Engineer: 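Before I ask anything, let me first share the structure, which is written out below as structure tokens.
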Amino acid sequence: MFYREAGQFKTSYKADQALMPILQDRVGLLVILAVAFVVIPVFANDFFLTSIMIPFLVFSLAAIGLNVLTGFCGQLSLGTGAFMGVGAYAAYKLTSIFPDANVILMVLLSGVFSAAIGAVFGLPSLRIKGLYLAVTTLAAQFFLEWCFIRIPWLYNYNASGAIEIPHREAFGVVVSGAEATPIVRYFIVLGITALIAYLMANVLRGRIGRSWMMIRDMDIAAELMGIRPLQTKLMAFAVSSYICGVAGAMMVFFWLNAAEPSSYSISLSFQILFMVILGGLGSLSGAFMGAAFIWILPVFLKFIPGTIGINVAAETVEHITFMVVGALIIFFLIVEPHGFARLWQIAKQKLRVWPFPY
Amino acid sequence: MNAFATDMTAAPDGVSETAHREELLRVDNVSLSFGGVKAITDISFDILKGEIRAIIGPNGAGKTSMLNVINGFYHPQEGTITWRGKERRKMKPYEAASQGIARTFQNVALFKGMTTLDNIMSGRSLKMHRSFFWQVIWRGPAEREEIEHRRKVEDIIDFLEIQAIRKTPVGRLPYGLQKRVELGRALAMEPDLLLLDEPMAGMNLEEKEDMSRFILDVNQEFGTTIALIEHDMGVVMDLSDRVVVLDYGKKIADGPPEEVQANQNVIDAYLGVSH
Ligand SMILES: Nc1ncnc2c1ncn2[C@@H]1O[C@H](COP(=O)(O)OP(=O)(O)OP(=O)(O)O)[C@@H](O)[C@H]1O
Ligand SMILES: [Mg+2]
């Protein structure tokens with residue numbers, strides 16, 4: 001009863017194709033934005049920002065990136081970690097070469113490099129599909145990781161082999177390096193993630209988003225309707241890798257402060273993939289839900305038992321997380337490939353008819 | 001609705017008129033084989049502007065393969081295809097699409113994860129040009145373009161009487177409606193030549209009547225040329241101006257429906273092959 005479109009008639013196509021045609025959804029989004037931009041900054045402590053919110057947002061953005069490619073365009077990729085790494089190393093090199101340039105801009109620019117590399121590794125997608133394509137992206141993952149280790153220029157010949165994020169200021173505040181405060185980092189990460197999510201929502205509801213979904217759902221029919229498969233897939237690879245690259249750069253600049261090649265390994269690829277699967281293939285809001293679940297569940301398991309006086313060992317937490325996530329992934333793959341996002345829709349559908357389901 | 005009327009030269013159906021009509025497509029001596037299997041052997045026929053051209057024949061006769069040749073999905077080993085007076089070389093399906101050839105499929109090939117509306121909107125892909133930059137910004141040119149095409153799509157939705165399922169994911173629709181949405185998607189391309197591969201297969205009588213009416217309306221109101229594969233002889237007799245009959249990949253008859261129906265080769269072919 002509280003959630004329904006009854007009485008909300010659309011008098012123009014413009015209103016009907018808005019991102020959220022239903023009033024309750026718009027209100028919900030406004031509430032979420034208010035919480036994210038006002039409530040959390042006012043009330044949250046540094047631990048909550050640094051250990052929960054910032055990584056959650058970074059992973060959400062990466063999950064959006066992978067979702068563009070896998071959820072919307074139907075091309076499975078296991079190279080997400082490496083594409084994120086490309087963004088991180090590119091941003092690091094950019095800020096080393098141009099120390100005076102605004103580092104936020106450099107982070108946004110770094111995605112261009114991962115987009116180019118993503119497009120190159122997307123070339124085989126014209127000929128191969130599904131699992132075989134996943135294997136070529138796996139090759140990209142290993143090749144790029146190898147580059148991160150073997151090309152010392154990428155990490156400025158640092159003896160440790162790691163990249164360490166330098167002190168940078170923008171608009172008079174410290175934005176990166178050890179002195180940057182959590183609240184500043186949080187606002188940057190939140191701003192970039194929200195902006196890219198909004199822009200992607202635009203792309204996905206228009207011609208280009210549709211062309212990706214056409215390729216995903218029935219590539220032969222798509223081609224017979226004038227879609228060029230190679231261009232369309234390469235664009236999905238490029239856009240996806242751009243977003244992943246920015247997420248990877250944010251990961252090291254505004255969260256970790258330092259990164260090694262192993263930070264961008266295959267396990268990161270899988271982590272993001274699991275977020276996409278749990279959240280829902282082909283759903284932007286699902287990317288946030290999946291990231292929240294996979295990132296916050298272990299934190300919960302770690303701290304909640306402690307607060308009620310039960311002692312749980314760190315390994316136990318890890319094992320429980322593995323089991324829960326694994327079980328859920330199997331469940332979702334079999335029962336509900338559209339993940340949490342779809343469950344949420346079903347719940348909304350139930351709310352719409354509640355309390356009289358018939 | 002005349003938004004997608006493309007060809008005003010089309011005259012109402014009638015066999016006598018076909019003689020004066022301009023040729024839209026011609027295939028000459030086309031042969032196609034898959035490894036050892038000869039799907040099409042030395043077939044020639046033409047399709048005139050504004051007509052409904054039926055392609056019939058028993059199962060496995062090569063009808064679908066013929067459509068696949070016409071829209072560039074298969075490349076014949078021999079023979080030529082002349083499209084609007086120009087002989088055309090190997091052509092990719094998306095090139096055929098951009099030259100005005102649209103089709104529906106024997107087994108519905110809709111975009112299952114998308115709504116009816118998005119499926120039909122996808123037919124407008126070739127006519128929408130706003131770049132990625134404008135799409136990202138959305139407000140302004142991209143949104144205006146989307147609305148402009150949405151109007152045309154809504155015309156098609158009204159025409160096909162599928163307003164109620166506009167926002168339904170097509171995977172959940174019954175088969176008959178899926179076929180209708182697929183027709184809508186092809187119409188959205190405003191094609192010059194519309195290839196329909198068994199648009200009424202698996203439909204009940206009422207659905208067949210609806211579909212026949214839509215096909216006739218498309219042909220007569222918008223002047224769209226149609227190549228129609230259909231097994232139901234009653235439908236073929238009612239709708240088509242001329243019929244070409246295939247059997248085992250060869251052409252065995254070609255002419256007006258009554259003439260073809262009386263042709264002994266055709267009768268033998270249909271009696272000889274049980275369905
Ligand atoms: N991709 C392919 N590979 C191999 N053989 C094929 C292929 N496509 C069609 N064929 C063969 O070509 C012949 C003609 O097939 P086609 O699908 O064109 O027949 P049809 O007239 O459409 O039949 P139906 O009425 O059953 O749809 C058949 O023998 C079929 O097995
Ligand atoms: Mg067939």
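Any value given below was found using the heavy atoms of this structure, including those in side chains, with hydrogens, waters and symmetry copies removed. As the structure is a prediction and not an experimental result, all values here were calculated from the model. Proteins come first, then strands; the chains are lettered A, B, ... in the order of their sequence lines, and each starts at number 1.
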Engineer: Would you mind checking which part of B/H129 comes under 4.5 Å of any heavy atom in chain A, side chain (CB onward), backbone (N, CA, C, O), both or neither?
Structural biologist: backbone

Engineer: Does B/A188 offer a backbone N or O that forms a donor-acceptor pair with the side chain of B/R124 under 3.5 Å?
Structural biologist: yes

Engineer: B/A97, B/P93, B/A142, B/S125: which one forms the most heavy-atom pairs within less than 4.5 Å of chain A?
Structural biologist: B/P93

Engineer: Heavy atoms only, distances under 4.5 angstrom: which of A/A201, A/A222, A/A221 has the most pairs with chain B? Name it, please.
Structural biologist: A/A221

Engineer: Between A/M218, A/R216, A/M235, A/H338, which residue shows the highest count of heavy-atom pairs closer than 4.5 Å to chain B?
Structural biologist: A/M218

Engineer: Scan side-chain atoms only and decide if B/E87 and B/T80 contain a donor-acceptor pair under the 3.5 Å cut-off.
Structural biologist: no

Engineer: Is A/S240 reaching over with its side chain to a backbone N or O of A/V68, donor-acceptor style, under 3.5 angstrom?
Structural biologist: no

Engineer: Using heavy-atom distances under 4.5 Å, tell me whether B/S98 contacts chain A through its side chain, its backbone, both, or neither.
Structural biologist: neither

Engineer: Do A/R342 and A/Q345 pair up side chain to side chain, a donor and an acceptor below 3.5 Å, judged on atom types alone?
Structural biologist: yes

Engineer: Report the option among A/R210, A/M213, A/R228 that has the most heavy-atom pairs separated by less than 4.5 Å from atoms of chain B.
Structural biologist: A/R210

Engineer: Do you know which of B/E182, B/R139, B/H149, B/E154 has the most heavy-atom pairs with chain A at a distance under 4.5 angstrom?
Structural biologist: B/E154

Engineer: Considering only heavy atoms and a distance below 4.5 Å, find which of B/K167, B/M128, B/E145 pairs most often with chain A.
Structural biologist: B/M128

Engineer: Among A/I220, A/L224, A/L199, A/V203, which has the most heavy-atom pairs under 4.5 Å with chain B?
Structural biologist: A/L224

Engineer: May I ask you to establish whether B/R185 and B/F111 are in a cation-pi arrangement, using a distance under 6.0 Å from NZ or CZ to the six-membered ring centre and at most 45° from the ring axis?
Structural biologist: yes

Engineer: Hey, which of B/E146, B/R144, B/K112 has the most heavy atom pairs under 4.5 Å with chain A?
Structural biologist: B/E146

Engineer: With distance as the sole criterion, is a donor-acceptor pair present between the side chains of B/Q135 and A/N202 under 3.5 Å?
Structural biologist: no

Engineer: Answer with side chain, backbone, both or neither: which region of B/F105 has an atom nearer than 4.5 Å to a non-hydrogen atom of chain A?
Structural biologist: side chain

Engineer: Given salt bridge (charged side-chain N to carboxylate O under 4.0 Å, His left out), test B/D46 with B/R53 step by step and report yes or no.
Structural biologist: CA-CA 9 Å; B/D46 60 352; B/R53 184 72 145 132; 3.5 Å; yes

Engineer: In the structure I gave you, are the side-chain heavy atoms of B/M114 and B/V170 within less than 4.5 Å of one another anywhere?
Structural biologist: no

